[in-house]
Amino acid sequence: MSLINPLLYSQTAPRDPNAPPSRDLGKNDFLNLMMVQLRNQDPLNVQEDKEFIAQMAQFSTLEQTTNLTQAIEGLVGFQQLTQGSLLIGREIEALDPEADAAGASDPMVRGMVSETRLVDGQTQLLVGDRTVRIQDVLRVR
C-alpha cells in the first residue's frame with residue numbers, strides 16, 4: 001500500500017485533452033515549475049536564497065502585469081460602450097459584413113441607433129432589428 005497520495009503531489013492540473021497546446025506560459029505554469037523545482041532539489045545542495053527571491057520577484061511581476069492587462073481590457077470595453085452610447089438616437093450608415101457575404105444588393109445598414117451593447121468585448125449597436133459592430137459605422141448624422 002502506498003503512503004503517498006499522488007493527487008496531493010501532482011505536478012499540473014488536469015488538462016482538457018481536446019484543447020490545443022498553448023505556447024504561452026502563465027501564472028499557474030510558473031508556479032508549477034517553481035514547485036517542481038523545489039520538490040526535486042538536492043537536500044544537500046539547496047537552492048540559494050538569491051535565486052529563490054529572484055524567481056518570486058519574477059512571479060510577482062508576472063501577476064501584476066496580468067492584473068494590469070485585465071484592468072486595461074475592462075477600461076477599453078467601458079470606453080467603447082461609452083462611445084457607442086453617444087450614438088443612441090442618431091442616424092448611422094454602416095457596412096453589414098453578413099449582407100455582403102450573402103451577396104445582398106445593398107450591404108449597408110441605415111437607421112437610428114436605439115441601443116448599445118458590449119458583447120464578447122466588442123461594442124454593438126442596435127439599428128432597427130439589426131445589430132452592427134461599431135467599427136463598421138461609416139457615417140453618423
Would you say the side chain of V119 lies within less than 4.5 Å of the side chain of T131, judging by non-hydrogen atoms? no

Of L125, L126, V127, I88, the residue whose pairing with E115 passes side-chain contact (heavy atoms from CB on, under 4.5 Å): L126

Are any of the side-chain heavy atoms of N67 and Q70 separated by less than 4.5 Å? yes

So if you build clusters from Ile, Leu, Val, Met, Phe, Trp, Tyr with side-chain heavy-atom gaps below 4.5 Å, do V132 and V140 land together? yes

Does this structure show an ion pair linking R141 with E93, if we count only N-O contacts that are shorter than 4.0 Å? yes

Run through R133, M108, Q135 and flag the one making a side-chain contact (heavy atoms from CB on, under 4.5 Å) with L95. M108

Sequence neighbours excluded, which residues qualify as side chain to side chain donor-acceptor pair (under 3.5 Å) partners of R90? none

For A57, is there any backbone N or O sitting under 3.5 Å from a side-chain donor or acceptor partner on S60? no

Would you mind reporting whether T116 and L81 have side-chain heavy atoms less than 4.5 Å apart? yes

First locate atom CG of L68, then atom OG1 of T61, and finally report the distance between them rounded to the nearest 0.5 Å. 12.0 Å

How long is the span from the CD1 atom in I134 to the CD atom in Q124, to the nearest 0.5 Å? 10.5 Å

